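Heads up, the thing below is written out as structure tokens.
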Amino acid sequence: MPAKPVLLVIAHGSRDPRHAATVHALVRRVRSLRPGLRVETGFLDFTIPSVHGVLESLAAEGVRDVVALPLLLTRAFHAKADIPAVLRDAPPRLRIRQAEVLGPSPLLLTALERRLYEAGLAPADRSSTGVVLASAGSSDPEAIAVIARLARQWRETGWCAVRPAFASASLPRTEDAVRELRELGCARVAVAPYVLAPGFLPDRIARGAADADVLAEVLGPAPEVARVLLERYDAARTPALAALGA
């Protein structure tokens, strides 16, 4: 049986230490769900180890196969440009497959609801609660369209209304979406950050949620997020397994 490819989780990185702590907590959750799978973490910026450094270390150890998984919720600039550029600069002995980003996935909607319920909502509140789906934001039209589509899908599960909002690059802002849901007549308004880890933009979302009734935590190491990581890993390694007859 050939060795399983190493899973390399690629996170953005941040000067905020909460970011790396949350990423590492998520990776620990992934390891607990798949004992025996080697999972490493590399950061694009601000935080060590760097992605390049991890790849160099793996090659020096004799590792051959790696699945590089962007710890991103949408296919925006980092997934389309930054990460492929770093992977192209990897040691040539490594066979690297880039997995898909985490979103969209039904499991992520489940994780968002988990966070809302942990923040104080109950399932019975759905029909009277408007939700702001607050993401970091992007200038990439594909990423914006994914968030808008996700908000529409989530609305169909019984919430009073769901409105997308963005912390940067796009409009509306969180506070604007909160105001719109109030004007729409929702009995309560909740803000669900569609972000993976704390940092500058999630803090901006939190400030924009000042007039909301409920502010959920970031997705972080939710078990559903860990399961999505493993789904993306399995999908990326499938072609190699087929070629090897595994």
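FYI, side chains are in, hydrogens and waters are out, and symmetry mates aren't considered; it's all heavy atoms of this structure. Because the structure is a prediction, the values reported are computed rather than measured.
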So if you build clusters from Ile, Leu, Val, Met, Phe, Trp, Tyr with side-chain heavy-atom gaps below 4.5 Å, do [X] and [Y] land together?
{"X": "Leu133", "Y": "Val146", "value": "no"}
{"X": "Leu71", "Y": "Val225", "value": "yes"}
{"X": "Val23", "Y": "Val66", "value": "no"}
{"X": "Leu8", "Y": "Leu37", "value": "no"}

Show me the pairs that pass ring pair (Phe, Tyr, Trp, His ring centres under 6.0 Å) and involve [range], at least two apart or across chains.
{"range": "residues 99-154", "value": "Trp154-Trp159"}
{"range": "residues 196-217", "value": "none"}
{"range": "residues 25-69", "value": "His24-Phe43"}

List the steps, then state whether side chain to side chain contact (heavy atoms under 4.5 Å, CB included) holds for Leu102 with Leu72. CA-CA 6 Å; Leu102 302 186; Leu72 301 168; over 6 Å; no
Evaluate Val67 against Val6 for side chain to side chain contact (heavy atoms under 4.5 Å, CB included), listing each step before the verdict. CA-CA 6 Å; Val67 169; Val6 172; over 6 Å; no
Working to the nearest 0.5 angstrom, can you tell me the gap between [X] [atom1] and [Y] [atom2]?
{"X": "Leu112", "Y": "Leu107", "atom1": "CG", "atom2": "CG", "value": "11.0 Å"}
{"X": "Glu40", "Y": "Ile10", "atom1": "CD", "atom2": "CD1", "value": "12.0 Å"}
{"X": "Ser14", "Y": "Leu44", "atom1": "OG", "atom2": "CG", "value": "12.5 Å"}
{"X": "Leu73", "Y": "Ser105", "atom1": "CG", "atom2": "OG", "value": "10.5 Å"}
{"X": "Leu87", "Y": "Asp89", "atom1": "CG", "atom2": "CG", "value": "9.5 Å"}
{"X": "Glu142", "Y": "Arg75", "atom1": "CD", "atom2": "CZ", "value": "5.0 Å"}

Would you confirm whether [X], through its side chain, and [Y], through its main-chain N or O, come within 3.5 Å as a donor-acceptor pair?
{"X": "Arg29", "Y": "Pro221", "result": "yes"}
{"X": "Arg31", "Y": "Val39", "result": "yes"}
{"X": "His19", "Y": "Gly199", "result": "no"}
{"X": "Arg64", "Y": "Arg95", "result": "no"}
{"X": "Ser170", "Y": "Phe166", "result": "no"}

In chain order, what residues pass the side-chain hydrogen bond (donor to acceptor under 3.5 Å, both in side chains) check against [X], with sequence neighbours excluded?
{"X": "Arg163", "value": "Glu180"}
{"X": "Ser128", "value": "Arg188"}
{"X": "Glu217", "value": "none"}
{"X": "Glu231", "value": "none"}

Can you name the nearest heavy-atom pair linking [X] to [Y], along with the distance?
{"X": "Ala143", "Y": "Thr74", "result": "CB-OG1, 3.6 Å"}
{"X": "Pro5", "Y": "Arg97", "result": "CG-NH2, 3.3 Å"}
{"X": "Leu55", "Y": "Ile96", "result": "CD2-CD1, 4.0 Å"}
{"X": "Gly220", "Y": "Leu26", "result": "O-CD1, 3.9 Å"}
{"X": "Asp140", "Y": "Lys80", "result": "OD2-NZ, 2.9 Å"}
{"X": "Ala151", "Y": "Val162", "result": "O-CB, 3.6 Å"}

Can you sort out the partners of [X] under side chain to side chain contact (heavy atoms under 4.5 Å, CB included), two or more places apart, ordered by chain and number?
{"X": "Ala145", "value": "none"}
{"X": "Ala190", "value": "Leu116, Leu121, Thr129, Val214"}
{"X": "Pro17", "value": "none"}

Name of the residue among Glu100, Arg237, Gln98, Arg227 meeting side-chain contact (heavy atoms from CB on, under 4.5 Å) with Arg232: Glu100
So [Y] and [X], do their side chains get closer than 4.5 Å, heavy atoms only?
{"X": "Tyr194", "Y": "Arg115", "answer": "no"}
{"X": "Thr22", "Y": "Pro198", "answer": "yes"}
{"X": "Pro106", "Y": "Glu224", "answer": "no"}

If the threshold is 4.0 Å, N to carboxylate O, is there a salt bridge linking [X] and [Y]?
{"X": "Asp176", "Y": "Arg179", "result": "yes"}
{"X": "Arg182", "Y": "Asp213", "result": "yes"}
{"X": "Asp234", "Y": "Arg34", "result": "yes"}

Classify the side-chain pair Arg126/Thr157 by whether it contains a donor and acceptor separated by less than 3.5 Å. yes
List the steps, then state whether side chain to side chain contact (heavy atoms under 4.5 Å, CB included) holds for Leu229 with Leu69. CA-CA 8 Å; Leu229 263 72; Leu69 194 156; 4.1 Å; yes
With clusters built from Ile, Leu, Val, Met, Phe, Trp and Tyr whose side-chain heavy atoms come within less than 4.5 Å, directly or transitively, what are the remaining members of the cluster of Leu181, listed by chain and number? Val132, Val178, Leu184, Val189, Val191, Val195, Ile205, Leu215, Val218
Grouping ILVMFWY residues whenever side-chain heavy atoms fall under 4.5 Å, the cluster of Ile48 otherwise contains none
Tell me if the CZ atom of Arg93 is crowded by more than 12 foreign heavy atoms within 6.0 Å. yes
Within 6.0 Å of CG in Asp45, more than 12 heavy atoms from elsewhere: yes
Residue pair Glu61, Arg38: steps toward the salt bridge (Lys or Arg N to Asp or Glu O under 4.0 Å) verdict: CA-CA 13 Å; Glu61 289 179 31; Arg38 181 172 178 181; 2.7 Å; yes
Could you please spell out the steps behind the side chain to side chain contact (heavy atoms under 4.5 Å, CB included) verdict for Val30 and Val9? CA-CA 10 Å; Val30 172; Val9 176; 6.0 Å; no
